[in-house]
A.B. asks: 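I have a structure I would like to understand better, so I am pasting it below and will then ask my questions one at a time.
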Amino acid sequence: MQNAIPKAYEPKDYEDQMYGRWEASGFFNPDVCVERGVTAEDAEPFTIVLPPPNVTGTLHMGHAAMLAIEDVMIRYARMRGKRTLWLPGTDHAAVATEVKVEGLLIKEEGFKKPKEELGRDAFLARVHKFAKDSHDTIVNQSKKMGSSLDWSREAYTLDDQRNLAVRTVFKQMYDDGLIYRGYRVVNWSVKGQSTCSDDELVYVERPGKLYFFKYSHDFPIPIATTRPETKLGDTAVAVHPEGKWKQYIGQTFTVADFGQPGHTLTIHVIGDDGIDETFGTGALGVTTAHSPIDFEMYMREKARGNDIGIVQVIGEDGRMTANAGAAYVGLTVAEAREKVVAWLREQNLLTEEKDVMQNVGTSDRFTDVVEPLPKTQWFVDVNKKIPGKGRFAGREVSLKEMMSEVVRDGSIEILPDKFNRTYFSWIDNLRDWCISRQVWFGHQIPVWYRGTEVYCGVNAPEGEGWTQDPDSLDTWFSAGLWTFSALGWPEKTKDFETFHPTTVLETGYDIIFFWVARMILMTTYTLGEVPFKTVYLHGLVRDEQGRKMSKSLDNIINPLDMIEKYGTDATRLSLLLGSTPGNDVKLSEEKIASFRNFTNKLWNIGRYILSTEGVAEATASWECKTLADRWIVARMHAVTEEVTKALDTHAFSYAGERLRDFTWSELADWYLEASKVAPNPALLRQLLSTLVRLWHPFMPFVTEVIADMMRDTTSSEFVMVSRWPDASEIPSDDTAMREFALVQECVTAVRAMRQTYQMSPSAAVVAHVMAEESTWSHITAQTELICKLARVSSIERVTAVADNTATTAFGWGSVSIPLEGQIDVAAQRTRIEKDLADVTRYIDTLHKKLDNADFVARAAADVVDKEREKLAEATTRRDALTAQLVQLG
RNA sequence: GGACGUUUAGCUCAGUUGGUUAGAGCAUCUCGUUUACACCGAGAGGGUCGGGGGUUCGAAUCCCUCAACGUCCACCA
């Protein structure tokens, strides 16, 4: 036998070239699949829009996991004959990208304040250039992962088409009164000179001090704070409406000197249920300008006609304003804090200092502590009721209600379902969404001003003298439109009609609020429809110790390095197997290496089968000749059925593990060994062809390469567009499975004997047979395999197994013997007898219970039913055990 | 403070409505270089299923409780 196929699979020799061939074929594009007859014209659509990676850099393992999972779904759907679209794109990521480029300009080109020095246009040009390069890298990396994305439809959250979608939606929301401009306390990043949304805050725990004091000696209510500097701007004290200071509610006090001589505070005492009398002093100093909670009190009081005022004492530069008084203006927050504390101490107003741990909100993007400040910003009102569209037509609904309803009524299924609760509690706590950002890179707000005139429109207003609002939109605003904007909306495109709502949204659970929830919000509002039917949330990729991968820990595993070293298929498998929805996956290089070994195993299975005589010319067929044949076909039936079911239910890890176990432990270790006695070329070919198709969604490259070798190399067919194996077309055979299990037991016994007593193969067979006299016939029947594995080849084959009788052809003639006998029969019988006794006893007690007229009369109907059910169950089990016992003889 | 999750072999994890003797991979050790594969094969050791209590004929599985770890949310001024 000559073998031109290399012994080891070298991914590098095939992967890039194979991806090139796939791409050139056009089959990533569903339209081409229909044209070429791969997909039926009326086939059910299957759509995934790729969560667009940020153009801030390169792909990491998290992206690789996302691409692997989605590609499995996509390739599987395509092979099932669905009209399958996987739409790629990238996200401009507004703030993140701008900050990144700013940092690079400072670090690498010596700028101090790049935005000021370059000016808007030149700076934006640099950002766009960076985004473009980053985009190119991302596209290349995605291709390296083998992703069957339809590149002809690629989109970008900041391109013209998407910009039109953004302006269109903004205008609609503005007209519906959902988008408004308001003066509110927002999260302000001093470093980034921009707002950020509530969800973008990351809380960091740090030690702090809680100071107990009074504003002045004659002020009746003591308060406590961790931020004394903000107290320079206090305008109220909140106490519990039923508490010990309730008599002061409604009064106004004037503190003549606070923090410095002449700095006057006007303090209103207000009642608020939220006050916890057991904490601090039991009263809260209200700083309406620098705390979102306090600001809400301000709004509530104002609604009651009581204006307690807003005094901003910290500016956008992070320093104290003139409102803080002459002694403080220009100081940093930290300096002002010390100074206020010193003053309180001096005046003998400070009663206590307590060390506490406090959570400080920091900006995820800008990485500094966020300063709450009052500013005029754009917001999306999540509570206002407006006339709904589509499925909400004819009703007055709020954004909150819409986004809640579609998940509650099952129109959107979230996997794993535990995230439903998370989702709902997020909606419950959702406040109006601040969408304006003071950065340049992004969608500029489509609002223009001229004097006191305000114009909102999809396009700039006619006439002279209009200035567009300089702010840009939160990146999640445009990302929220992704499922439909990427399909060409607001134009009435054929793609939008065919592929929306999309089928599955697959993404990391860490962006469920940022993105998933906002897509649901935007889509239910704009289209009155869901953006997707299923949300599949994958976990985070962590290192082998379960830590997040980060530069500082130096534990980053780069997907491209792993692809280079072990191949794409191995890298994909390492991310797919052992990863279930919502759970983090631990990754190590050893894990990837072990999957590289498996890839090679699959390769060698192909290599062996294809180099077996007769396989090249054979026509694939399920026809069986030996017991081993029938067994492996039956196993193939089972695995096909299970894997299909698993993929249908998004159990990718299980599907892959099941396939791996079958491939390695059943096909390679048992069947291929057994088949060496009497190879069945037509069946080997059929098995390989089926195996390659089952594995294709997981390991697209090696399967395609093996398939390539199975056919004429000039053929243009791909496994990628072949038909998914249908379990119902693979014969199932329970008898063969049972009988082969006996063979396996015997072989194992012989092997053990050889090893224990260092026997020659044939001696071991004889010894085993002698030792197990009672099972003599059984052993004899299976001698073919035993001898094969023991390298004794005087026996040709098992010719038939029927009616519990095996006929074996030996070199000297043939023998028929009954197939029976078990190893360790006695022990098994003992166990069954014990179980049987238990169950029988149980049945007796149930019978007694049910025969008791008193019980039946008194107990609730469903209790009685349940007892009856239990009885039926137990009876079934008893019968099964009895049957087993009979079988044992 | 609220919610959720995890705890099974040295490590990483399966264990599908409670049911024969709790499984796999890696690691360790032993044996084996037989023409698909040493990126291999055959085997061995190793677990009172986090602790305690309960329900049940029967519990890794269901209930209660405690503990450790993790995640998210809220946030106390």
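First the proteins, then the strands, lettered A, B, ... as listed; each starts at 1.
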A.B. asks: side-chain contact (heavy atoms from CB on, under 4.5 Å) with A/Thr612: which of A/Ser675, A/Pro681, A/Pro679?
C.D. replies: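 Single pass found, and it is A/Pro679.
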
A.B. asks: Which of these nucleotides, B/A77, B/G19, B/C40, is closest to any side-chain atom of A/Val839?
C.D. replies: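 Taking heavy atoms from C-beta onward, the closest nucleotide is B/G19.
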
A.B. asks: Please pick, from B/A77, B/A36, B/C57, the nucleotide with the shortest atom-to-atom distance to any side-chain atom of A/Tyr608.
C.D. replies: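 The listed nucleotide nearest to A/Tyr608's side chain is B/A36.
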
A.B. asks: Please determine, for B/C4, whether a Watson-Crick or G-U wobble partner exists with both distances under 3.5 Å, and give it or none.
C.D. replies: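 Base-paired to B/G70.
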
A.B. asks: Pick the closest RNA chain B nucleotide for A/Ala8 and for A/Lys548 by heavy atoms, then say which residue is nearer the 5' end.
C.D. replies: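 Result of the comparison: A/Ala8.
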
A.B. asks: List, with names and distances, any nitrogen or oxygen atoms from the protein found under 3.5 Å away from nitrogen or oxygen atoms belonging to nucleotides 3-7 of chain B.
C.D. replies:
none

A.B. asks: Return the orientation label for the A/Tyr14 and A/Trp603 ring planes: parallel under 30°, perpendicular over 60°, tilted otherwise.
C.D. replies: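 The rings of A/Tyr14 and A/Trp603 sit tilted, inter-plane angle from 30° to 60°.
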
A.B. asks: Between B/C57, B/A36, B/C76, spot the one nearest the side chain of A/Thr845, thanks.
C.D. replies: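 Selected nucleotide: B/C57.
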
A.B. asks: Which one, B/A77, B/G41, B/C57, comes nearest to the side chain of A/Tyr842?
C.D. replies: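 Among the listed nucleotides, the one closest to the side chain of A/Tyr842 is B/C57.
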
A.B. asks: Hey, is the side chain of A/Lys7 pairing donor to acceptor with the base of B/C37 inside 3.5 Å?
C.D. replies: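 Checked by distance alone, the answer is no.
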
A.B. asks: If you only use heavy atoms from C-beta on, which nucleotide in B/C72, B/C76, B/A77 is closest to the side chain of A/Ile293?
C.D. replies: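 So the nucleotide nearest the side chain must be B/C76.
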
A.B. asks: Does B/U33 have a Watson-Crick or wobble mate here (both distances under 3.5 Å), and if so which one?
C.D. replies: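 Across any shown strand, B/U33 pairs with none.
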
A.B. asks: Look at the side-chain N and O atoms of A/Lys231 and state whether any lies under 4.0 Å from the OP1 or OP2 oxygen of B/A77.
C.D. replies: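 Checking B/A77 against A/Lys231, no side-chain N or O comes under 4.0 Å of OP1 or OP2.
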
A.B. asks: Just to be sure I understand the rule, does A/Tyr9 reach a base, reach only the sugar-phosphate, or reach nothing, if contact means heavy atoms closer than 4.0 Å?
C.D. replies: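 It contacts nothing in the nucleic acid.
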
A.B. asks: Give me the ring orientation class for A/Trp695 and A/Phe598: parallel if the planes are under 30° apart, tilted from 30 to 60°, perpendicular past 60°.
C.D. replies: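 If you compare the ring of A/Trp695 with that of A/Phe598, the planes turn out tilted.
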
A.B. asks: Does the B/C73 base have a donor-acceptor partner in the side chain of A/Asn429 within less than 3.5 Å?
C.D. replies: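 Answer no: no donor N or O sits under 3.5 Å from an acceptor.
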
A.B. asks: Taking the nucleotide of RNA chain B with the nearest heavy atom to each, does A/Trp426 or A/Ala668 sit closer to the 5' end?
C.D. replies: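 Upstream on the strand: A/Ala668.
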
A.B. asks: Could you tell me whether the phosphate oxygens of B/C40, OP1 or OP2, come under 4.0 Å of any side-chain nitrogen or oxygen in A/Asn597?
C.D. replies: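 Yes, A/Asn597 has a side-chain N/O under 4.0 Å of OP1/OP2 on B/C40.
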
A.B. asks: State whether the distance check finds a donor on one side and an acceptor on the other, under 3.5 Å, for side chain A/Arg607 versus base B/C37.
C.D. replies: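 Per atom types, no contact qualifies.
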
A.B. asks: Which nucleotide, B/A77, B/A36, B/A42, lies nearest any side-chain atom of A/Ile605?
C.D. replies: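 Out of B/A77, B/A36, B/A42, the nucleotide with an atom closest to A/Ile605's side chain is B/A36.
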
